[in-house]
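Okay, structure first, notes after.
Everything quoted here is computed from the prediction, not taken from an experiment. Note on naming: letters A, B, ... go to the chains in the order of the sequence lines (proteins, then strands), and numbering restarts at 1 for each one.
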Amino acid sequence: MKKTLFKIPAVTPDGEFLAGYSENGLTELSFPHPGGRSARAAKKEIIPAKMRGWHAATEAALKKILAGRAPVKFPPLDLVGTDFQKKVWHALRKISFGQTKSYGKIARAIGRPKAVRAVGGACGANPIPVLIPCHRVLAANGKIGGFSGGLEWKRRLLAREGICLSVGGS
DNA sequence: CATCAAAAACTCC
DNA sequence: GGAGTTTTTGATG
């Protein structure tokens, strides 16, 4: 079922993120498109006032995170997914700024210590990167694991927080 | 609607 | 390096 999603570009020093808002809140957030292909954004004129408010909060939080500071305000997130995914995302949101967690930790936090792989899948299905600190989730080895939005982004975001990655060598 | 099969950003031995 | 556990998603009958 396709809801009416309003796509609004969030301009940050690191690029132009694309935020998707539903009638309930922020439901999707994408990294800037490579290749200069700007996504088609909804016309500002038809965007409800509340969505503009959400977007202000989103953009502010985004900028703060990119600047290496904890966001003060979060927009309402309209997380759509399975129960498992919601659980994982909620656990992700509990991660404090500057802190990192492993997939195993998340798995244990939601009561499925063996479901680390499923957690990885849920994180991969995370519709809202950065706002949901999926980039703060590392593998148990302290490795970066992977990242759908691009490993460079994960690396950059973690570097902003002063987190050292053991990307060195094999 | 129920069942089968494959895949996923991992972890342990 | 290989095997294991859990969940999600799409196709098939």
Side-chain angles (χ1 to χ4, degrees), chain A residues 1-5 7 10 12 14-22 24-35 37 39 58 61-71 74-170:
Chain A
M1 61 292 203
K2 289 275 188 170
K3 275 195 232 174
T4 306
L5 286 186
K7 305 268 185 143
T12 73
D14 276 76
E16 192 177 84
F17 286 72
L18 189 64
Y21 298 91
S22 73
N24 285 326
L26 178 64
T27 190
E28 195 173 330
L29 184 67
S30 305
F31 285 100
H33 266 250
R37 179 179 176 274
T58 302
L62 216 51
K63 284 182 184 172
K64 294 237 172 186
I65 294 176
L66 291 175
R69 276 186 285 194
F74 262 71
L77 304 181
D78 183 22
L79 295 178
V80 172
T82 63
D83 197 36
F84 184 80
Q85 286 178 334
K86 286 187 205 162
K87 229 167 171 180
V88 173
W89 297 336
H90 195 75
L92 257 47
R93 268 176 36 186
K94 290 191 315 187
I95 304 179
S96 304
F97 188 85
Q99 302 292 308
T100 58
K101 255 180 180 172
S102 65
Y103 291 96
K105 280 271 177 64
I106 301 294
R108 266 189 279 169
I110 63 176
R112 257 74 179 165
K114 299 292 188 106
V116 291
R117 215 161 179 202
V119 170
C123 289
N126 171 23
I128 311 174
V130 186
L131 272 292
I132 293 183
C134 52
H135 60 272
R136 274 178 221 154
V137 184
L138 306 176
N141 308 3
K143 283 181 177 176
I144 193 168
F147 196 57
S148 297
L151 287 177
E152 47 183 297
W153 268 111
K154 187 167 184 177
R155 221 159 114 195
R156 188 181 301 182
L157 289 169
L158 290 173
R160 285 284 197 285
E161 305 185 9
I163 298 173
C164 296
L165 293 175
S166 39
V167 295
S170 39

- Between A:N24 and A:P76, is any pair of side-chain heavy atoms under 4.5 Å apart? no
- Message: Less than 4.5 Å apart, side chain to side chain, heavy atoms only: is that true for A:H135 and A:L158?
- Response: yes
- Item | Integer-rounded Å distance: C:dT6 P and A:I106 CD1 | 18 Å
- Query: CG of A:N141 versus P of C:dG1: gap in Å, rounded?
  - Reply: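 Taking CG of A:N141 and P of C:dG1, I get 13 Å after rounding.
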- Task: Provide the start and end nucleotides, 5' to 3', of the part of DNA chain B that has atoms under 4.0 Å from heavy atoms of chain A.
- Result: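 The protein-touched segment is B:dA8 to B:dT11.
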Is [X] touching bases, backbone alone, or none of the nucleic acid, heavy atoms closer than 4.0 Å?
X: A:S148; value: base
X: A:G124; value: base
X: A:F147; value: base
X: A:G121; value: nothing
X: A:A115; value: sugar-phosphate

- Item | Salt-bridge contact A:D14-A:R156 (side-chain N to carboxylate O under 4.0 Å) | yes
- Does OP1 or OP2 of C:dT7 have a side-chain N or O of A:R117 closer than 4.0 Å? no
Mark yes or no for whether [X], through its side chain, and [Y], through its backbone, hold a donor-acceptor pair below 3.5 Å.
X: A:R93; Y: A:I132; answer: no
X: A:T27; Y: A:D78; answer: yes
X: A:Q99; Y: A:S96; answer: no
X: A:E28; Y: A:G20; answer: no

- Note on the structure: DNA chain B in dot-bracket form (Watson-Crick or G-U pairs under 3.5 Å, [ ] crossing, | inter-strand) is ||||||||.||||
- Note on the structure: Result for side chain to side chain contact (heavy atoms under 4.5 Å, CB included) between A:L138 and one of A:K101, A:K154, A:K143 points to A:K154
- How are the rings of A:F147 and A:F31 set to each other: parallel, tilted or perpendicular (split at 30° and 60°)? perpendicular
